[in-house]
Asker: 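This is the structure I want to talk about, given as structure tokens.
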Amino acid sequence: MHWMLLVKRMAKFQKSGFCSHSNFIGHLQTALEKRKARRRNQNSSENPHDEGGKGLRFHNAMCRWRIEEKKLGTRVGSLWYALQSSSIGTYADFTHSECIVVAWRITTSVAEEDEMSKMSVLMVGTGEYTTGYVPAAVAASDKKAGIVGVTLFDLRRRGLVDRLLMAGTNGTKFPEIRKHLDRVLAKTYRDMDVRFDSFPADDVPREGNAYRVALETMQAGDSVIVFTPDDTHYPIAMEAIERGLHVLIAKPIVKTVAEHLALTRKARERGVLVAMEVHKRWDPLYTDARDRIRGLGDFSFFQSYMSQPKSQIDTFRAWAGKSSDISYYLNAHHIDFNVWAVAHRARPLVVRASAATGVAHAMDIPTEDTITLVVDWENIESGNKATAIYTSSWIAPKADVHSQQRFFYMGHGGEINIDQAHRGYSLATDEAGFSSPNPLFMKFASDADGYFSGQNGYGYRSFEVFLRAAEEVRQGRAKADDFDQKLATASDTLLCTAILEAGRRSLDANGQAIRIDYDKQGVVSGLSEQCVDN
């Protein structure tokens, strides 16, 4: 019996002043058996903070009942022992109050064990970044073993999470996904358990709402990781937030300022942690660059470039140019880094966009090949102007790395130049030829004992840090807004969304300048489709 339901029944008995010992003791015995079963099986999904997070009221009520328990003395202990040992006693000899206290002892014991249980995590999206599997083949990128899945399977092995779920839209893919994960993970690493609950069922070829069924099996305080086409992020995340779940969303977190503001408001209302998965914030070179940028005075100029090979467009054929574009997909990385590096010291004002076309159209994919955003910034304190140029493409040739990625930053007091794709590490094999691997992102080679050993990779840490923060909130040791300016929370990534949306709107308006508007508190309030004369 759910602990909250039992307490409600006890309150009803107490209010009426009537206690049928046969029914009452039956309830106690049922609750006690559930408690014993929960001790044997830590996979239970009940949570004491269900129904809107009544943790504080639960704690206060528990204190009152324990005071009452002391008043009633040893007879409460006798009834507790009788129930524990299933001894046949004359339960009618115990008073109504004594039964109530024992009921509370059972329910609080169950709830306290709940509080120590591990969170469940739902992965929404079954594609390349989650599993490394794409239809009819493994991923052609550097993520053949996936990133989200291997990280969560390893975090379960390490004891941070417990039940894992995966939701997609095509259940008939799951048998092949399981075979793939068994081969690249379970048979590659020692003690790597790749089991997960899947939605929809394996015999369902199409179900767009399968994630909703998965959400219904979760409890407040659990977490959801969303890696789906960009235009689906908002409805999935909003439903999860409404249920009191913490949510980590692939970049871009959403596509519009209006959606971003709505998510932020709802997350604050529900007290949950919502963040954007931008692993470059955990790259040791990028974090060092960010810290140094803070000491280089006013922001002056930023330029970034990021590309992937033509094969990637084909991988993303189902959504490329329909639900999103290459700017949302790749420019998001360096826009977020730029925003993070100069946070609260400079802000973007105007965005203009330009695009190159031809290759994707020839492949019958309705999208741009390369998109460049030019953004006017201002330093808030001094008023000095700055310029940023962000370029992304998915028509690059096959090279030694899957993603070319680099940036240049100039401040009034110095400059920084990073080529993230090449760090002095090269590899050549008969099977794969020449490459420039990046184990700092994700290390797939096992350690000497056969275990997965990629825990220090910034692709891994991005998920672990979020889930540990979510656990702090779930256990009541922190509030969600304690992680603003520490993680890429919804509150801290609004400017990134504003620049990306302004870029898309500029492209759709033939390069028209789009202004980013701010309210009196300096928070983005919207975009203005009008030319701005600087």
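Nothing fancy with the numbering, it's 1 onward along the sequence. Atoms considered below: every heavy atom in the structure, side chains included; atoms not considered: hydrogens, waters and symmetry mates.
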Asker: Hey, is Glu239 close enough to Arg212 for a salt bridge, meaning N to O under 4.0 Å?
Answerer: yes
Asker: Under a 4.0 Å N-O cut-off, is there an ion pair linking Asp283 with Arg423?
Answerer: yes
Asker: Is it the case that Tyr328 and Glu501 place a side-chain donor and acceptor less than 3.5 Å from each other?
Answerer: no
Asker: Thinking salt bridges, do Arg345 and Glu381 make one under a 4.0 Å N-O criterion?
Answerer: no
Asker: Strictly below 4.0 Å, N to O, side chains only: are Arg157 and Asp154 in salt-bridge contact?
Answerer: yes
Asker: Please walk me through it: do Glu378 and Arg347 pass salt bridge (Lys or Arg N to Asp or Glu O under 4.0 Å)?
Answerer: CA-CA 6 Å; Glu378 72 170 357; Arg347 65 181 187 176; 3.1 Å; yes
Asker: For Arg352, is there an ion pair with Asp376 - N to carboxylate O distance below 4.0 angstrom?
Answerer: yes
Asker: For the rings on Phe316 and Tyr329, is their centre-to-centre separation under 6.0 Å?
Answerer: yes
Asker: Indicate yes or no: at least one non-hydrogen side-chain atom of Glu259 is less than 4.5 angstrom from one of His233.
Answerer: no
Asker: May I ask you to check whether Thr130 and Thr126 show a side-chain donor-acceptor distance below 3.5 Å?
Answerer: no
Asker: I would like to know whether Glu128 and Gln312 meet side-chain hydrogen bond (donor to acceptor under 3.5 Å, both in side chains); could you show each step before the answer?
Answerer: CA-CA 11 Å; Glu128 176 190 47; Gln312 200 72 354; 3.2 Å; yes
Asker: Can any side-chain N or O of Ser462 pair as donor or acceptor with the backbone N or O of Gly459 at less than 3.5 Å?
Answerer: no
Asker: Please assess His334 against Tyr286 for the test side-chain hydrogen bond (donor to acceptor under 3.5 Å, both in side chains), listing each intermediate value before the final yes or no.
Answerer: CA-CA 10 Å; His334 285 108; Tyr286 275 59; 2.9 Å; yes
Asker: Begin with the C-alpha distance, continue with both residues' side-chain angles, and end with the deciding distance and a verdict on side chain to side chain contact (heavy atoms under 4.5 Å, CB included) for Val224 and Leu248.
Answerer: CA-CA 6 Å; Val224 178; Leu248 181 63; over 6 Å; no
Asker: Can you classify the ring geometry of Phe299 versus Trp377 as parallel (below 30°), tilted (30 to 60°) or perpendicular (above 60°)?
Answerer: perpendicular
Asker: Go through the steps to decide whether Arg317 and Asp314 satisfy the test salt bridge (Lys or Arg N to Asp or Glu O under 4.0 Å), and finish with yes or no.
Answerer: CA-CA 5 Å; Arg317 177 181 289 271; Asp314 203 44; 3.0 Å; yes
Asker: Contact between Ile147 and Phe227 at the side-chain level, heavy atoms closer than 4.5 Å - yes or no?
Answerer: no
Asker: As an exercise, state the distance from CE of Met410 to CG of Asn417, rounded to the nearest 0.5 Å.
Answerer: 10.0 Å
Asker: Scan side-chain atoms only and decide if Ser307 and Tyr305 contain a donor-acceptor pair under the 3.5 Å cut-off.
Answerer: yes
Asker: Which label fits Tyr390 and Phe302: parallel for a plane angle under 30°, tilted from 30 to 60°, or perpendicular past 60°?
Answerer: tilted
Asker: What's the verdict on side chain to side chain contact (heavy atoms under 4.5 Å, CB included) for Val342 and Val339, showing C-alpha distance, side-chain angles and the deciding distance?
Answerer: CA-CA 6 Å; Val342 299; Val339 169; 5.8 Å; no
Asker: Do you see a donor-acceptor pair shorter than 3.5 Å between the side chains of Arg163 and Thr217?
Answerer: yes
Asker: When rounded to the nearest 0.5 angstrom, what distance separates CD1 in Ile371 from OG in Ser354?
Answerer: 9.5 Å
Asker: Strictly distance-based, threshold 3.5 Å: is any side-chain N or O of His246 a donor or acceptor partner for the main-chain N or O of Val274?
Answerer: no
Asker: Check this for me: does any side-chain nitrogen of one of Arg281 and Asp336 sit under 4.0 Å from a carboxylate oxygen of the other?
Answerer: yes
Asker: Apply side-chain hydrogen bond (donor to acceptor under 3.5 Å, both in side chains) to Asn438 and Tyr458, showing your working.
Answerer: CA-CA 10 Å; Asn438 181 13; Tyr458 58 85; 3.0 Å; yes
Asker: Looking only at the aromatic ring of each residue, does the gap between the centers of Phe337 and Phe407 stay below 6.0 angstrom?
Answerer: yes
Asker: Under 3.5 Å, is there a donor on one side chain and an acceptor on the other for Asp519 and Ser525?
Answerer: no
Asker: Between Ser392 and Asn331, do the side chains contain a donor N or O and an acceptor N or O under 3.5 Å apart?
Answerer: yes
Asker: Determine whether Ile514 and Val350 satisfy the following criterion, side chain to side chain contact (heavy atoms under 4.5 Å, CB included), listing intermediate values before the conclusion.
Answerer: CA-CA 6 Å; Ile514 305 297; Val350 180; over 6 Å; no
Asker: Is the closest side-chain heavy-atom distance between Met276 and Ile249 below 4.5 Å?
Answerer: no
Asker: Is the closest basic N to carboxylate O distance between Arg292 and Glu415 below 4.0 Å?
Answerer: no
Asker: Are any of the side-chain heavy atoms of Phe463 and Val148 separated by less than 4.5 Å?
Answerer: yes
Asker: Please check if any side-chain donor atom of Asp369 sits under 3.5 Å from a side-chain acceptor atom of Thr357, or the reverse.
Answerer: no
Asker: Can a donor-acceptor pair be found between the side chains of Ser436 and Asp400 at a distance below 3.5 Å?
Answerer: yes
Asker: Which is it for Ser120 and Leu165 under the side chain to side chain contact (heavy atoms under 4.5 Å, CB included) test, yes or no, and what are the steps along the way?
Answerer: CA-CA 8 Å; Ser120 297; Leu165 308 83; 4.3 Å; yes
Asker: Say whether Asn384 and Asn379, considering side chains only, have a donor N or O and an acceptor N or O under 3.5 Å apart.
Answerer: no
Asker: Run Asp482 and Lys479 through salt bridge (Lys or Arg N to Asp or Glu O under 4.0 Å) and show every step you take.
Answerer: CA-CA 5 Å; Asp482 290 341; Lys479 300 187 299 295; 3.7 Å; yes
Asker: Once you round to the nearest 0.5 Å, how far does CG of Asn338 lie from CH2 of Trp340?
Answerer: 12.0 Å
Asker: Nearest 0.5 Å please: distance from the OG atom of Ser323 over to the NZ atom of Lys255.
Answerer: 6.0 Å
Asker: With rounding to the nearest 0.5 angstrom, report the CD1 to CD1 distance, Ile499 to Ile335.
Answerer: 5.5 Å
Asker: Are side-chain N/O atoms of Thr372 and Thr391 paired as donor and acceptor at under 3.5 Å?
Answerer: yes
Asker: Okay, side chain of Asp288, backbone of Leu285: is any donor-acceptor separation there less than 3.5 Å?
Answerer: no
Asker: Please tell me if the side chains of His260 and Thr493 come closer than 4.5 Å, counting only heavy atoms from C-beta onward.
Answerer: yes
Asker: Do the charged groups of Arg468 and Glu471 touch, with an N to O distance under 4.0 Å?
Answerer: no
Asker: Will you find, in the side chains of Gln455 and Lys443, an N or O donor that is under 3.5 Å from an N or O acceptor?
Answerer: no
Asker: Can Arg515 and Glu529 be counted as an ion pair, charged N to O under 4.0 angstrom?
Answerer: no
Asker: Can you tell me how far the CG atom of Leu330 sits from the CG atom of Asp325, to the nearest 0.5 Å?
Answerer: 10.0 Å
Asker: Using salt bridge (Lys or Arg N to Asp or Glu O under 4.0 Å), reason through Lys266 and Glu269 one step at a time and then give a plain yes or no.
Answerer: CA-CA 5 Å; Lys266 184 58 66 174; Glu269 175 187 315; 3.2 Å; yes
Asker: Using only atom types and a distance under 3.5 Å, with no angle test, would you say the side chain of Ser453 pairs donor to acceptor with the backbone of Ala445?
Answerer: yes
Asker: Decide side-chain hydrogen bond (donor to acceptor under 3.5 Å, both in side chains) for Ser324 and Asp230; before the verdict, give the C-alpha distance in whole Å, the side-chain angles of both, and the deciding distance to 0.1 Å.
Answerer: CA-CA 6 Å; Ser324 195; Asp230 297 349; 2.4 Å; yes
